[in-house]
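Heads up, the thing below is written out as structure tokens.
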Number of protein chains: 2
Amino acid sequence: MREFKRKSRVLLVDDNADHLRGIKELVTLEGCYDVVGTTTSANVAINLIKKYRPDIVLMDINMPEKDGLQAIQEIEKLGLDTRVIALSGYDDADLIFRAMKIGAKGYVLKTMASAQLIYAIDEVAAGKVYLPSALSSRFFEYFQRSFKNEAVVSDEENLLTYLTSREEEVLELLTQGNNYKGIAGKLFISETTVKTHVNNIFQKLQVNDRTQAVLYAINNGFGNRKRSKVAV
Amino acid sequence: MREFKRKSRVLLVDDNADHLRGIKELVTLEGCYDVVGTTTSANVAINLIKKYRPDIVLMDINMPEKDGLQAIQEIEKLGLDTRVIALSGYDDADLIFRAMKIGAKGYVLKTMASAQLIYAIDEVAAGKVYLPSALSSRFFEYFQRSFKNEAVVSDEENLLTYLTSREEEVLELLTQGNNYKGIAGKLFISETTVKTHVNNIFQKLQVNDRTQAVLYAINNGFGNRKRSKVAV
DNA sequence: TTCGTTCTAAATCTTTAGATTGATAAAATA
DNA sequence: TATTTTATCAATCTAAAGATTTAGAACGAA
């Protein structure tokens, strides 16, 4: 499949010049890539990217001077079609998670076989996001751990379950920043009725004012359950 | 490697009885699994899990009566060592994301080759989290998209950047549900000073009351930036 | 020194929020 | 049928929130 496509244009970034040469040799030998540049500096890399618009950037993220993750973030902000693969010496779950979060399209360890790197480039060049199976597993462990606290909260202890549907409507509007008058207008009921509902909500959620009610709602999976938390 | 380990005990759940038989045959023929039970009902499945404590559960998540995702969530809440693999007919990114979020250790399409399913069981039984490469790619696209809005928000448009450090302290206490008196006590300043700060915060955030201020803070990356949003 | 910012504070005032009590009617449930 | 829950509304009252103005002290920058 690969031989039918135009050559992917690749930029290599690694603060270790020796390693940089090694990668260049490896990628060049493969034959189906144009290495448009190599650099040991993240800052230079960003300028090169603006100039040459490579398809793929292999970015070492364990660099002393400038953080590779930060560089990736800046590249993503440019809004180009350039896709970045993070190169790292560590399979640390937190590093992997952060890299993928900020938009890296792949994450490959330096210790992995060169065939693995080439495969990653191919996959990412084809528009996919690629994580080797071993790293993918680490990522998901981290990912699931970050949701576990939330799951505990959403137990039967959730006071929101005691609210009537009307009270939920009122709380929904409260969490949008409405005052009594606003809620009354939107629900076509009187302001005093709204006050009654709000007071009942306070009782059920065991809070003293609307701010606390809104905070409780947000922290306990209110808001169409469309919003969740991930520790980052 | 597989032949050195004890047989993994597997429970199969699928509302389609025919498909259930097919999977059972497939898994049984493999020889290194004990199928401890099969059922077409998610509710029955949960009871079976409590009784037999299987190592692996293959759970169809596209069932009419009870939602498979909900079943997985309930299983996770049991806190057992049972690891659930989601079986689905759809490679919908949202479905994959939700399944992994609630704790599924794998996600396999029914249309995939049987070898793929066996491989997934092996990986998950070995303690890993496994997503086939194609689904992993979809997951990450969804995952990264969910973080993109956040990145846009955290630009220079964030009104929070205009707050002084003292105002940030006050806002922080506001987002914890404190009233004027509480904030005054905690910052060792008078209540009127707090009011001044709060009023200045309102001006800068362009809101009218504390609830709106708190909502703005939460939705724009306040709170040590330890909390992020993922659309689920 | 002068200027701007920030933090502090008070006084005054209006508006909103919240507590409490009591009441009616429909709807669900026992 | 009797009872409970829910939704609606009113009146009253206190407490809290918020708007506005004014101003002193500290600090750093021009």
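In the text below, chain A, chain B and the rest are named by the order of the sequence lines, each starting its count at 1.
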Starting at [atom1] of [X] and ending at [atom2] of [N], how long is that distance when rounded to a whole Å?
X      : N      : atom1 : atom2 : result
A:H197 : D:dT5  : NE2   : C1'   : 13 Å
B:L174 : D:dA16 : CG    : C1'   : 13 Å
A:N200 : D:dA7  : CG    : C1'   : 10 Å
A:Q212 : D:dA17 : CD    : C1'   : 14 Å
B:L171 : C:dC7  : CG    : C1'   : 17 Å
B:L187 : C:dT8  : CG    : C1'   : 12 Å
A:I183 : D:dC9  : CD1   : P     : 14 Å
B:Y162 : C:dT5  : OH    : C1'   : 16 Å

Output one line per pair: protein atom, nucleotide atom from nucleotides 12-19 of chain C, and distance, for all N/O pairs under 3.5 Å.
unit_1	atom_1	unit_2	atom_2	d
C:dA17	OP1	A:R210	NH1	3.3
C:dA17	OP2	A:Y180	N	3.4
C:dA17	O5'	A:R210	NH2	3.4
C:dG18	OP1	A:R210	N	3.0
C:dG18	OP2	A:Y180	OH	3.3
C:dG18	OP2	A:R210	NE	2.9
C:dG18	OP2	A:R210	NH2	3.3
C:dG18	N7	A:K195	NZ	3.3
C:dG18	O6	A:K195	NZ	2.9
C:dA19	OP2	A:N199	OD1	2.1

Paired with A:E76, the salt bridge (Lys or Arg N to Asp or Glu O under 4.0 Å) test is passed by just one of A:K101, A:R83, A:K105, namely A:K105
Report yes or no: is the cationic atom of B:R210 (NZ for Lys, CZ for Arg) under 6.0 Å from the centre of the six-membered ring of B:Y180, at an angle within 45° of the ring normal? yes
Give a yes or no answer on whether the side chain of B:T82 reaches the backbone of B:P54 with a donor-acceptor pair at less than 3.5 Å. yes
- prompt: Are the side chain of A:N200 and the backbone N or O of A:T196 linked by a donor-acceptor pair below 3.5 Å?
  reply: yes
Decide yes or no on ring-ring contact (aromatic ring centres under 6.0 Å, His included) for A:F140 and B:F139, but give the supporting numbers first.
CA-CA 11 Å; A:F140 283 113; B:F139 171 92; 4.8 Å; yes
Base, sugar-phosphate, or nothing: which does A:S165 touch, judged by heavy atoms less than 4.0 Å apart? sugar-phosphate
- Message: Mind checking if A:T193 touches a base, just sugar-phosphate, or nothing, with heavy atoms under 4.0 Å?
- Response: base
_Using OP1 and OP2 only, check whether a side-chain N or O of A:T196 sits under 4.0 Å from D:dA7._
no
Please state whether the phosphate of D:dA10, meaning OP1 or OP2, lies under 4.0 angstrom from any side-chain nitrogen or oxygen of A:T192.
yes
How about B:Y216 and B:F202: are their ring centroids closer than 6.0 Å?
no
Could you tell me whether A:E167 and A:K204 make a salt bridge, using a distance below 4.0 angstrom between a side-chain N and a carboxylate O? yes
